[in-house]
Novice: 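A single structure is presented below for examination.
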4 protein chains.
Amino acid sequence: MAPLLRPLQPQSQPPKVRCIHPGILLPAKIDRPVSLLYHRSMAVAGKSKKDVIQEFRSTEILEAARHVFALRGYHAATIDQIATHAGVAKGTVYLYFDSKRDLFLASLREGVLALHAEVAAQLRSAPTPQAQLQAFINARFDYFARNRDFFKIYYTEFPQLATVTGQPELQDLYDQQAKLLESVLADGIRSGHLRSCPVPSTARLVYDLIRSALAQHILNEPADNPHPEATVFQFIWKGISQS
Amino acid sequence: MAPLLRPLQPQSQPPKVRCIHPGILLPAKIDRPVSLLYHRSMAVAGKSKKDVIQEFRSTEILEAARHVFALRGYHAATIDQIATHAGVAKGTVYLYFDSKRDLFLASLREGVLALHAEVAAQLRSAPTPQAQLQAFINARFDYFARNRDFFKIYYTEFPQLATVTGQPELQDLYDQQAKLLESVLADGIRSGHLRSCPVPSTARLVYDLIRSALAQHILNEPADNPHPEATVFQFIWKGISQS
Amino acid sequence: MAPLLRPLQPQSQPPKVRCIHPGILLPAKIDRPVSLLYHRSMAVAGKSKKDVIQEFRSTEILEAARHVFALRGYHAATIDQIATHAGVAKGTVYLYFDSKRDLFLASLREGVLALHAEVAAQLRSAPTPQAQLQAFINARFDYFARNRDFFKIYYTEFPQLATVTGQPELQDLYDQQAKLLESVLADGIRSGHLRSCPVPSTARLVYDLIRSALAQHILNEPADNPHPEATVFQFIWKGISQS
Amino acid sequence: MAPLLRPLQPQSQPPKVRCIHPGILLPAKIDRPVSLLYHRSMAVAGKSKKDVIQEFRSTEILEAARHVFALRGYHAATIDQIATHAGVAKGTVYLYFDSKRDLFLASLREGVLALHAEVAAQLRSAPTPQAQLQAFINARFDYFARNRDFFKIYYTEFPQLATVTGQPELQDLYDQQAKLLESVLADGIRSGHLRSCPVPSTARLVYDLIRSALAQHILNEPADNPHPEATVFQFIWKGISQS
DNA sequence: CATGAATGAGTGTTCATTCAT
DNA sequence: GATGAATGAACACTCATTCAT
């Protein structure tokens, strides 16, 4: 189980001068799964007032970006709209992010990391593969219900950018999430709860299935299915469980 | 079963002079399932040399568009690139398509229709729900293996445009395909081969699952899984079959 | 009086190969004022069937041009619209006119020449300066009432092109018409009916005044003045007559 | 008399951020006729440095626009030429004006308003209808002698745009000016100085007559008439005065 | 001669990014 | 640091003109 709980490694970014928001990346080699927010407050403890303001601005802009990107799509969104939404001037955005692309990636990254942290925390307290799969599904449904804007860009813009532009970082972000599932699957197969299968591709399949169910649930209001979590769990469980 | 076999029908477009390619096809009361290609060859029989040239140009441009859109993404692709790739001048593109968006939609549409036709044809010769599901999966894997560019835009641009821009036509294009599966599920449940389930959302789930498996297969070269069709079929079949 | 009756001299065009419509230019040195149409039929007498067809096409296109130019303005009008309106293909227009500009000028020219001919004919039968002024005004009101499209381009496009583009030919076309009035004024002053005044500028003034009155009459439907010809005559006559 | 003296009022535009120049002015109940320029200097008193710079840029661009529009005509003029002439980049033009059309209208509008203000001021100090007519003529000759570029677009582009394009604002701009004359005529007829006549159409006639005289004077250098103001005044006065 | 498909130069407009204040 | 005016590269789209058939 342990591997699950390892937080995502921060990409070893060459320390770019103007990147002031390293807080969104989780420190490596920490055994206790800690939420992103926890980390942050820790960090804040050692920060000057200036740093606090900076982080505040950065978060504000990130949120505005998420909202506007979700609303208009990456290309149609303009820096001006985001700045206005964040209550800052256009130039200010560039004090915190190198480019529009960078801002977009940061907003994706932050969302994915927070999601990852929550999911990992839930997984940790689940004793069996069945409970883990349920936890995985429920945590994601929970998180995205609270972060619909994020889901929209995660769902609609991610594949576009990840595939078309050779952005390995983006692919990593994606893969990291499937890795959590791979652990569940591998552990379950080892323990005999799950039937043998090609782990990576099955994990990806399960992952995408959950993603699709989320899309139906989050993006289309009129759901014919009041408990999509249960349905999707059933579906997956039939597909992977022993017996 | 019958409904499955109905091919998509071309919308009865008011015959716009410059629009050579038929729009999205809607089901209609035609018993003999005919492929789009069949239809076309029929039509060609009555065409003058001029018409042939026009269709040729149009196809040329459509193919170039598909390629460039797949390569750069919708927004990054320029009409100039497409024109150059098609071996025509920029203005020529506008003789055949009203706008960049129109060109994009046309390339999606044509691809989806051809896919739909092939899938429907395969479904028709499958006697049982199991065989139908296999046919559905195999036909799609076959088609996209032969049309990788198309898969790329289908996979990466579709959600973006369908969700962000309120393009009902696009959503229709998407839905039409899930309808084929709904028929399979509904028939299977009725005949007792499949267990009862909420048909539309399950169909969508299965559809998306296949789509995701395709993405793994088509977009990522190094597959750990030599027979993704089989894996995905197994997975789904466990999820929906009786017992 | 005699000078009045001299028709406009054709501009000594270098005989451009593709200019098939020289008929719209009046021959010089003809004492009897002849209408443009009369001239044409004369000319036609010596023409082959081909020539007749050509002239017919040319006239058709010219009329279509006048209509479309009047409707959309010079710049917004397209050759395609004109061709369609004339019932020919776009390329055909270029068989008869060198360029869009050429077509525009030709349509202006033809209209002005016909107008000139009619006005000159009326002037000829007017015995006194007063009658001549009345004839001048009435002939113009008559002509433009029958040729509203022409008036529109004459009024709205002429100044633009005549002033902005250094098109001497256009200026000539304009000046020729004021010359008719100059003759009336000069004769009237010589005979003592009119008070002395700077002839060219007064002629131009009177000319423009009539043009303005026409604009009110032709372009604005709701006229508060049922007899603009009378009003404008009175106005001018007070301005130029003796005592 | 009073109505004459009312200056045009700025339309109470919803304060669009980027619109610095007031729109067409409509008459209102202000007794002291104040010139637009006077108004401006007042305003400047309360302006920050930034505002001054903005107004400067705006004026600069407006002047460049006037010049280029006068030189090439509306359609042939390009934003690039105007920007270059104003010493700014193309994009900058769009910071101050929404579109080419907007820029053109603004330059027309500003010129017309300044003209209107000057004319109204002159009219105010003229005691009799005769003096008013003289003031009207002289003020216009003065103004346009100082603003030749403006006259060119006023004269050559106005009719084209006002007639062809259904731009009511443009027609208003035109009409506002004739209204000044209508007041003069109406007052004169009431006081018995002028003979009875249909006021609106006569005003328009007189207005157009002056406009034509100006065109001769401003656009054609070689004038045979050293004092066109006097000539045109005489001409009009004979046409409208009693006896 | 007539056609109309093909061309490609030309332009209004947008918007990410910079930088002087 | 924060601002927002200025920039100019980029791009969709138009349309007069040509020319092969």
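Order of the sequence lines fixes the chain letters, A, B, ..., with proteins taken first and strands second; residue numbering starts at 1 for each chain. This is a predicted model, so every value here is computed, not measured.
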Novice: In this structure, how many angstroms lie between the C1' atom of dA5(E) and the OH atom of Tyr96(B), rounded?
Specialist: 6 Å
Novice: So does Arg66(B) pair up with Glu110(B), basic N to acidic O under 4.0 Å?
Specialist: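 Salt bridge between Arg66(B) and Glu110(B), a charged N being under 4.0 Å from a carboxylate O: yes.
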Novice: Is a donor on one side and an acceptor on the other found under 3.5 Å between the side chain of Thr92(B) and the backbone of Val88(B)?
Specialist: no
Novice: If we call it a pair only when both distances are under 3.5 Å in a Watson-Crick or G-U wobble match, what pairs with dA20(E)?
Specialist: dT3(F)
Novice: In whole Å, I'd like the distance from the NZ atom of Lys100(D) to the C1' atom of dC13(F).
Specialist: 15 Å
Novice: In whole Å, what is the span from the CD1 atom of Ile53(A) to the P atom of dG1(F)?
Specialist: 12 Å
Novice: Could you state the atom-to-atom distance from OH of Tyr94(A) to C1' of dA2(F) in whole Å?
Specialist: 15 Å
Novice: Please list residues of residues 77-92 of chain C whose heavy atoms come under 4.0 Å from any atom in DNA chain F, ordered by number; otherwise none.
Specialist: Ala77(C), Thr78(C), Ile79(C), Lys90(C)
Novice: Does Thr156(B) reach the main-chain N or O of Lys152(B) with its side chain, forming a donor-acceptor pair under 3.5 Å?
Specialist: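 Confirmed, Thr156(B) side chain pairs with Lys152(B) backbone.
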Novice: So do the side chains of Ser58(C) and Ile61(C) get within less than 4.5 Å of each other, counting heavy atoms only?
Specialist: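 Not in contact.
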Novice: Please report the distance, rounded to the nearest Å, between NE2 in His75(D) and P in dG10(E).
Specialist: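 Roughly 18 Å, once rounded to whole Å.
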Novice: Over how many whole Å does the gap from Phe104(A) atom CZ to dA16(E) atom C1' extend?
Specialist: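 Checked: the CZ to C1' distance equals 16 Å.
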Novice: Has Lys100(C) got a side-chain atom pairing as donor or acceptor with Tyr74(C)'s backbone, closer than 3.5 angstrom?
Specialist: yes
Novice: In whole angstroms, how far is the C1' atom of dC11(F) from the OH atom of Tyr74(B)?
Specialist: 12 Å
Novice: Over how many whole Å does the gap from Leu95(B) atom CG to dG4(E) atom C1' extend?
Specialist: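 About 9 Å, once rounded to whole Å.
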Novice: Can you work out whether Ser99(D) or Ser99(A) has the more 5'-proximal nearest nucleotide on DNA chain E?
Specialist: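 Going by which nucleotide is closer to the 5' end, it is Ser99(D).
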Novice: Ile153(C) and Ala70(C): which non-hydrogen atoms are nearest, and at how many Å?
Specialist: CG2-N, 3.5 Å
Novice: State, with a plain yes or no, whether a side-chain heavy atom of Phe69(A) is found less than 4.5 Å away from one of Glu157(A).
Specialist: no
Novice: Quick one: is dA5(E) close enough that its OP1 or OP2 comes under 4.0 Å of any side-chain N or O from Arg57(B)?
Specialist: no
